[in-house]
Amino acid sequence: MTAQGSASVFAAPKRPLAIQRFPLPEKIEDEAALLRVTAAGVCGTDVHLWHGRLKIPVPVILGHETVGEVATLGSRLNRDLLGNPLAVGDRVVFASGVSCGRCYYCAIAQEPTRCLRRKVYGINLTCSQPPHFFGGQAEYVYLIPGVCIFKLPDGLPTDAIVAVGCAAPTTVHAFENAGGMHHGENVVIQGAGPVGLFSLVLALEGGASKVIVLDQVQSRLEAAKKMGADHVLNISDFENSEQRVAKVHELTNGIGADMVVECSGNPKAVQEGWLMCRDSGRYLEVGHYTDRGEAPLNPHIITRKQLKITGSWGMAPRHYLHALRVIEKVWSKYGLNQLVGRKFPLEDSTQALEAVEKGEVVKAVITP
Ligand SMILES: [Zn+2]
Ligand SMILES: [Zn+2]
């Protein structure tokens, strides 16, 4: 009998995920790999996907932030992206997005995250066809040829990586896209989930003078404070948006922030964030990977304040590498591993989604 592995499968919006068994591939392609999943981070995006807020093919195995151990290597795959030798048993991560390299966006515009044929693990690769294992919430994950694999250094805890799973490379991409940080700038971060907290790390490491973090979940704000945020503001402590904007101006000498990073995924936060920017400041729109609907926005604010607004979608392999290097260097300083709030067995994937949705944990992790 063929060996099998379990996976948690998302088949329709809002329905509980169901455990399914799939046969393991009998043969591995020459440049492919099969990993045994050690940890799969549950991202806010998974919650949105579960609610049907992004059109994706189903059924799908969720999970796009995966740490695994090499179970089988294709005959021609013996090194990771940086040339480190790869062997069975090695602990690795991989870039969840695979771009084609040949479409207009890959070859000409050089924006692989907008590849016209982009495949993303745990998001748009259905598990209906063999080799099935295309998401992290499973015992195994099959890495097709072309996936960028990074061998993990010893001493870097798995928890530190999954805690900021896709958030870290997403944030690196967003900062890069906005032209990076300048020393001495004041930064506002809207939302203290993993993307917000990693933005805090990048802002502090980038030489920010003052970092102000807003959220409505007190435990997340406490995490931000512990990590070094200068000010944390609970949005529920204010009567209205005007008061929050006024508070940010008060904390920034009446000028506003040089850079505001939207990591809340709340459409209503956007115009408020524009108003928190200083004139000619930068607004990084990162939090709306899924479609959360519309909010009234007054374009006059953009013109009058000369705002520079940038959007960034997902991440390319270079953002993974750069994020990994940052994590390796600072995980202990910021206690990144401690952001993992709760671990769930594969069977409890639905509860993990619920815990993230309710903001009970900064990060939930599935350990198959
Ligand atoms: Zn994610
Ligand atoms: Zn492409």
Side-chain angles (χ1 to χ4, degrees), residues 8 10 17 37 39-54 56 60-67 93-125 134-137 141 144-148 160-174 191-199 220 261-265 285-292 311-320 323-324 327 336 339-341 349 352-353 355-357 359 361-366:
S8 175
F10 163 70
L17 307 182
V37 176
V42 179
C43 170
T45 293
D46 294 324
V47 176
H48 297 315
L49 294 173
W50 182 44
H51 286 295
R53 292 175 187 142
L54 186 74
I56 55 168
V60 75
I61 301 168
L62 296 177
H64 54 272
E65 334 179 295
T66 316
V67 175
V93 287
F94 58 94
S96 60
V98 192
S99 303
C100 77
R102 296 182 305 278
C103 73
Y104 184 86
Y105 286 103
C106 284
I108 307 298
Q110 307 215 337
E111 292 288 357
T113 50
R114 297 307 303 144
C115 168
L116 297 171
R117 290 184 284 270
R118 187 165 162 84
K119 295 170 181 163
V120 187
Y121 278 78
I123 294 182
N124 74 357
L125 285 171
F134 292 130
Q137 295 190 13
V141 62
I144 56 175
V147 171
C148 296
I161 298 162
V162 286
V164 287
C166 75
T170 295
T171 312
V172 167
H173 183 196
V195 175
L197 293 175
F198 205 75
S199 296
R220 292 185 169 202
V261 195
E262 193 286 300
C263 314
S264 72
E285 182 43 71
V286 204
H288 283 78
Y289 185 82
T290 54
D291 187 346
R292 302 292 309 278
S312 51
W313 171 262
M315 69 297 278
R318 72 171 180 278
H319 305 125
Y320 266 94
L324 265 179
I327 296 167
L336 294 182
L339 297 177
V340 173
S349 296
L353 289 172
V356 173
E357 179 167 37
V361 287
V362 174
K363 193 72 191 182
V365 172
I366 310 278

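Please read these numbers as outputs of a predicted model, since none were measured by experiment. Atoms within a ligand are numbered from 1 in the order they appear, just like the ligands themselves.
Counting heavy atoms from C-beta outward, Ile123 and Tyr289 have side chains that approach closer than 4.5 Å. Side-chain contact between Val172 and Phe198: present, with at least one pair of heavy atoms (C-beta onward) separated by less than 4.5 Å. Annotation: side chain of Glu65 is not in contact with side chain of Ile161 (no heavy-atom distance under 4.5 Å). Proximity of Ile144 to Lys119: side-chain heavy atoms (C-beta onward) are separated by under 4.5 Å at one or more points.
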| field | Worked verdict on Glu357 versus Trp50 for side-chain contact (heavy atoms from CB on, under 4.5 Å) | value | CA-CA 10 Å; Glu357 179 167 37; Trp50 182 44; 3.9 Å; yes
| CA sep, side-chain torsions, deciding dist, call: Val164, Lys363, side-chain contact (heavy atoms from CB on, under 4.5 Å) | CA-CA 8 Å; Val164 287; Lys363 193 72 191 182; over 6 Å; no
| field | Steps toward side-chain contact (heavy atoms from CB on, under 4.5 Å) verdict (Thr170, Val286) | value | CA-CA 8 Å; Thr170 295; Val286 204; 3.5 Å; yes
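Using a 30° and 60° split on the angle between ring planes, Phe94 and Tyr121 fall in the perpendicular class, above 60°.
Within the protein, the number of N/O/S atoms found under 2.8 Å from the Zn ion (ligand 1) is 3.
Applying side chain to side chain contact (heavy atoms under 4.5 Å, CB included) to Phe10 and the options Leu353, Asp46, Ile56 leaves one that passes, Ile56.
The Zn ion (ligand 2) has Cys100 SG, Cys103 SG, Cys106 SG, Cys115 SG as its protein N, O or S neighbours under 2.8 Å.
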